[in-house]
Amino acid sequence: MEPVNIGARLASSIVAPLVKKLFVTDGPGAGIVDRPVRVTNLVSFRGEKRTLSDAELRKIAEELVGRAVQSTGTSERLPNFEQRAVVNAVAHSLSSLGHLEMDDVQAVQLGYRELSRRLRSGNQTATLGLSSDAVLLHANVLDTACLHILHFFTTRSTFVPRTLVEQSRRIEELTSKIDLMIRKTPSPADGGFEERYARYIVSKYGKLTIFGLDLPEASGSWPLDAAYLSLEATGAAASDIPLVLPAEQVLAGRDRVLLRGVAGSGKTTLVQWLAVGTTRNHLDERLLYLHGLVPFVLPMRSLARAGARLPSPDEFLSAVGCPIAHAQPTGWYDRVLTAGRGLMLIDGIDEIPEGEREEARNWLRDLIGSYPKNHWLVTSRPSAVREHWLANEDFTELDLAPMSRDDVAAFIKRWHKAAGSADAYGKELLYAVWAKQELARLATNPLMCALICALHRDRRGYLPDGRKELYDAALSMLLSRRDRERGIYKMGDMRIGETHQVQLIQRLAYWLIRNGRSEIDAEDVQSLLSQALVAMPRIAEQGTVRQIYRYLLIRSGLLIEPIEGTMQFIHRTFQDYLGARAAVESLDFDFLSGNAHLDQWEDVIRMAVAHARPAERTRLLNKLVERGDASKESRHRLHLLAAACLEDATELDPVVRTEVQRRTEKLIPPRSLDQARALADVGPVVLELLRGPEGLTSDETYFTILTAARIGTDAAIPVLARFRSVHDLRVRAELALAWSRFDTDQYAEEIIAHLYEQDLYFVVSSARELRALHQLGGRPLLKIASPISREEIERFCVGSRLTGLCVAADLDSPWGWLGQFPRLTDLTLETPRQGVDLSSLGHVYSLRTLRLPATAEVVGTDSLPPTLKIIRAD
């Protein structure tokens with residue numbers, strides 16, 4: 001086992017030799033012992049072969065306690081008499097090893113925490129009357145000692161006979177688990193603070209604000225466990241099987257991930273979920289990798305405010321306003337990160353100005369270089385960082401997929417259940433989303449889904465068309481209608497109408513955009529408001545600038561204070577929308593076009609086109625085209641942005657529209673992942689321009705498919721259908737993977753039914769898709785990407801055809817039921833799990849190959865036939 005520092009620097013190099021003294025040394029011939037040994041026969045401080053005296057046992061206890069006290073500063077809080085009492089308690093607890101009624105194998109199976117508890121329970125009076133610090137020190141020293149005791153047991157040559165291969169393999173797995181537990185266990189000095197920090201994480205991130213649920217009969221936030229919707233992450237797979245996995249598992253088996261997702265796609269919600277997941281005592285087997293990790297949630301918008309220097313690790317907690325930052329033990333962050341226990345959640349690289357991102361990347365490189373063994377998740381909008389931006393740091397790049405039709409349905413049902421109107425409005429909205437393609441295109445991420453739900457309920461079933469109209473209606477709902485209809489206002493209350501609120505708030509939004517910021521100090525907010533109020537005397541006379549600011553903060557529903565004294569918008573989308581409105585009203589079209597090459601301005605430009613009058617749209621789009629024509633470096637970005645604006649231009653000179661489309665055609669077909677993403681962002685208008693498959697190279701064909709699939713409306717199905725006869729496996733795999741984004745039956749009939757089957761794993765994300773495949777006669781290779789009941793798999797998989805199965809979801813085990821598929825020869829278990837029992841596969845006699853992730857821990861392989869080949873994938 002690698003010597004590692006544990007929390008309070010109770011290192012293996014210190015503890016292991018002390019623990020070894022507690023037990024007798026193996027003698028000659030020990031290796032032939034083939035059965036467990038009683039613990040009482042192993043200890044060195046009792047029996048005929050006693051080599052450790054009571055005084056020496058106490059010295060061991062003194063050394064353990066002394067090291068903990070010395071290295072953590074506990075001596076400043078514990079008087080000498082309490083330290084001596086802890087030493088006595090530890091010595092007595094260790095002596096209880098000589099009275100345990102169990103053997104070494106049973107002790108290992110018991111686990112270190114339970115073993116520690118049993119040893120301590122033998123003398124509970126030893127800590128009576130002591131302070132909580134002393135009691136905690138006693139417990140944590142014993143926990144640490146018991147970890148090493150169990151490890152000592154598993155590494156003795158007598159633990160099992162070396163001739164039994166499978167038992168030895170189990171011992172190796174068990175030793176690895178104990179070693180992992182040692183690395184993930186905080187020290188006695190750090191344990192108390194980490195418990196406080198875990199409570200802070202749950203309090204800070206354990207609830208999710210859901211847009212629109214500020215209703216009298218509903219809470220404005222949900223418990224995260226109830227609100228979290230598991231979305232999918234996708235990426236390029238090294239194998240022929242498409243890579244698709246639940247988003248919360250992106251770090252399972254991967255230490256470093258760059259996750260891209262559009263605005264509102266759920267990146268920050270995922271960060272919250274992972275942070276809170278580290279605090280749970282009971283985790284799903286697939287999420288055990290979170291156990292023992294310490295989350296550091298680092299929102300870039302907060303860290304880089306006003307051009308501030310990015311923090312060093314000792315400043316992480318204070319930089320995000322953690323109220324217990326001052327209480328962290330000296331050197332705590334270094335102990336956590338050196339031991340590889342850190343879960344580094346760096347949220348929103350796109351939230352900092354483009355010119356500062358290289359500095360942020362260097363900061364990240366330095367952190368990884370200093371503390372390489374931790375888990376790292378970096379999130380960003382797709383356009384903010386180019387492909388392979390962190391490839392040199394061994395980051396896996398994944399995309400947060402748009403919500404599937406089933407995801408949208410699940411979200412709508414949950415939202416209306418929380419709002420208390422599931423029957424009245426939920427079913428009606430579901431029908432409307434599927435009936436209107438424009439609405440379905442908007443409802444592809446959690447933010448827009450929540451916005452649509454709120455407006456549908458607020459307007460009693462009426463929904464406006466188009467993105468701008470949705471935002472206009474949402475602002476009206478938030479800024480005036482809700483308070484008025486709920487009767488909040490009373491005589492004498494401050495009252496600021498919707499128009500004036502918009503004027504004030506959009507000034508703040510435009511300042512943030514112009515300065516490339518996502519946060520602003522409250523003092524600066526009040527300064528900006530005071531300037532605006534000069535032209536609004538009737539509003540200014542209602543109260544002080546500070547009172548008006550507090551009114552907007554509390555009543556608008558658009559502004560929040562993430563840290564006291566700092567303001568930001570509840571979501572970046574609203575900032576961009578209102579900032580664009582301010583820019584149009586100020587006629588800042590030259591300024592807008594001058595910044596259009598910066599990714600932070602993309603949504604602002606699109607919103608500005610939506611806000612502008614026809615002549616103003618013409619002016620702005622012409623400038624984008626002219627700048628693109630003149631700039632070789634930014635030409636593609638500017639021309640694609642102009643094309644994306646067409647969707648928001650309800651009225652536009654046909655000549656301008658033609659010029660924009662003519663330049664877009666030059667960027668088609670796409671030749672890279674970045675180009676495919678950018679074209680998909682343009683929207684359905686691109687579908688009319690996509691060509692092929694005739695005349696396209698293999699890469700061009702693949703990225704064209706990727707573009708159409710990402711647009712996601714049913715209008716993309718005829719385009720995708722043109723490629724259904726292409727034999728390129730990448731193209732077929734992408735077509736199969738995109739199924740969940742479209743109408744199940746229509747897509748199955750138009751595309752799935754025509755795909756060449758050889759070597760292609762058909763991705764199934766719902767029981768409905770499985771039934772559709774059954775109606776098509778089944779398929780030889782299947783990938784189960786979402787939980788589907790065992791009964792439905794047995795019923796709808798065509799056993800006479802199924803030869804290969806890839807499981808990327810939590811299915812029922814044991815696996816003996818797979819035996820009813822007589823032609824099943826290849827099984828892939830894609831999700832890294834702890835302690836997977838494979839013994840039941842011994843009855844699946846047709847299996848010839850079993851593929852497992854390199855990180856999966858398995859048992860029961862002794863029951864597998866020798867003809868079954870096990871392959872570990874990297």
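Numbering of residues begins at 1 and proceeds along the displayed sequence.
- What you find for Cys797 and Leu770 is that their closest heavy atoms are SG-CD1, 4.0 Å.
- Salt-bridge formation is detected for the pair Glu794/Arg790: a Lys NZ or Arg NE/NH1/NH2 atom is positioned less than 4.0 Å from an Asp or Glu carboxylate oxygen.
- A heavy-atom distance below 4.5 Å is not found between the side chains of Arg260 and Arg381.
- Checking side-chain atoms of Asn374 against main-chain N and O of Leu343 turns up no donor-acceptor pair under 3.5 Å.
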Pair Arg671-Asp699, side-chain contact (heavy atoms from CB on, under 4.5 Å): steps then yes or no: CA-CA 6 Å; Arg671 296 172 179 85; Asp699 281 348; over 6 Å; no
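- Closest heavy-atom contact between Val297 and Val271: CG1-CG1, 3.9 Å.
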List the steps, then state whether side-chain contact (heavy atoms from CB on, under 4.5 Å) holds for Leu781 with Leu760. CA-CA 6 Å; Leu781 303 177; Leu760 174 62; 5.6 Å; no
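- Here the straight-line distance linking atom NE2 of His388 with atom OG of Ser672 works out to 9.0 Å at 0.5 Å rounding.
- The shortest side-chain heavy-atom distance between Arg677 and Arg710 falls under the 4.5 Å cut-off.
- Side-chain N or O atoms of Ser846 include one that pairs as donor or acceptor with a backbone N or O of Leu824 at under 3.5 Å.
- Residues Gly342 and Leu337 come closest through the heavy atom pair CA-CD2, 4.0 Å.
- The two residues Pro865 and Gly842 come nearest to each other via the heavy atoms CD-CA, 4.2 Å.
- The aromatic rings of Tyr756 and His727 sit parallel to each other, their planes meeting at less than 30°, with 60° as the upper class boundary.
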Does the salt bridge (charged side-chain N to carboxylate O under 4.0 Å, His left out) test come out yes or no for Asp743 and Arg405, once each step is laid out? CA-CA 8 Å; Asp743 177 77; Arg405 293 170 68 91; 3.5 Å; yes
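- Counting only heavy atoms from C-beta outward, the side chains of Ile368 and Arg256 approach each other to under 4.5 Å.
- Checking side-chain atoms of Arg732 against main-chain N and O of Arg730 turns up no donor-acceptor pair under 3.5 Å.
- Around CZ of Arg365, the count of heavy atoms belonging to other residues, nucleotides or ligands within 6.0 Å exceeds 12.
- Contact detail for Ala785 and Ser765: the closest heavy-atom pair is CB-OG, 4.0 Å.
- Asp728 and Ser698 form a side-chain donor-acceptor contact under 3.5 Å, judged by distance and modelled atom types alone.
- Taking CZ of Phe411 as the reference point, atom CG of Asp406 lies at 15.5 Å (rounded to 0.5 Å).
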I'd like to know whether Val385 forms a side-chain contact (heavy atoms from CB on, under 4.5 Å) with Leu390, so could you lay out the CA-CA distance, the side-chain angles of the two residues, the decisive distance to 0.1 Å, and finally the verdict. CA-CA 9 Å; Val385 292; Leu390 290 172; over 6 Å; no
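- For the pair Asp255/Trp376, no side-chain contact is recorded, criterion being any heavy-atom separation below 4.5 Å from C-beta on.
- With rounding to the nearest 0.5 angstrom, the OG1 atom of Thr379 is 8.0 Å from the CD1 atom of Ile349.
- Looking at Glu248 and Ser230, their side chains do bring a donor and an acceptor atom within 3.5 Å of each other.
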Stepwise side-chain contact (heavy atoms from CB on, under 4.5 Å) check, Leu398 with Leu258: CA-CA 6 Å; Leu398 300 174; Leu258 171 61; over 6 Å; no
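- To the nearest 0.5 angstrom, Tyr761 atom OH is 15.0 Å from Arg779 atom CZ.
- Between the side chain of Gln775 and the backbone N or O of Ala772, no donor-acceptor pair lies under 3.5 Å.
- With hydrogens and angles disregarded, no donor-acceptor distance shorter than 3.5 Å links the side chain of Arg741 to the backbone of Ala401.
- Using a 4.5 Å cut-off on side-chain heavy atoms (C-beta onward), Ser380 and Leu259 make no contact.
- Residues Pro822 and Gly799 approach most closely at CD-O, 3.8 Å, considering heavy atoms.
- The line from CZ of Arg113 to CG of Leu147 is 8.0 Å long, rounded to the nearest 0.5 Å.
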Glu792 and Arg768: CA distance, side-chain angles, deciding distance, salt bridge (charged side-chain N to carboxylate O under 4.0 Å, His left out) verdict: CA-CA 10 Å; Glu792 287 175 311; Arg768 186 176 179 183; over 6 Å; no
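- Contact annotation: the side chain of Thr828 never approaches that of Val807 to less than 4.5 Å [non-hydrogen atoms, C-beta and beyond].
- Enclosure of atom CD in Glu749 is not indicated, since only 12 or fewer non-hydrogen atoms of other residues, nucleotides or ligands lie within 6.0 angstrom.
- In terms of modelled atom types and a separation under 3.5 Å, the side chain of Thr825 and the main chain of Leu847 share no donor-acceptor contact.
- With hydrogens and angles left out, the side-chain atoms of Gln272 and Thr269 include no donor and acceptor closer than 3.5 Å.
- Side-chain atoms of Arg848 do not come within 3.5 Å of backbone N or O of Thr867 as any donor-acceptor pair.
- Using a 4.5 Å cut-off on side-chain heavy atoms (C-beta onward), Arg851 and Asp826 make contact.
- Distance check, rounded to the nearest 0.5 Å: CG of Leu829 to CG of Leu838 gives 7.0 Å.
- Looking at heavy atoms from C-beta onward, Thr704 lies in side-chain contact with Leu696 at the 4.5 angstrom threshold.
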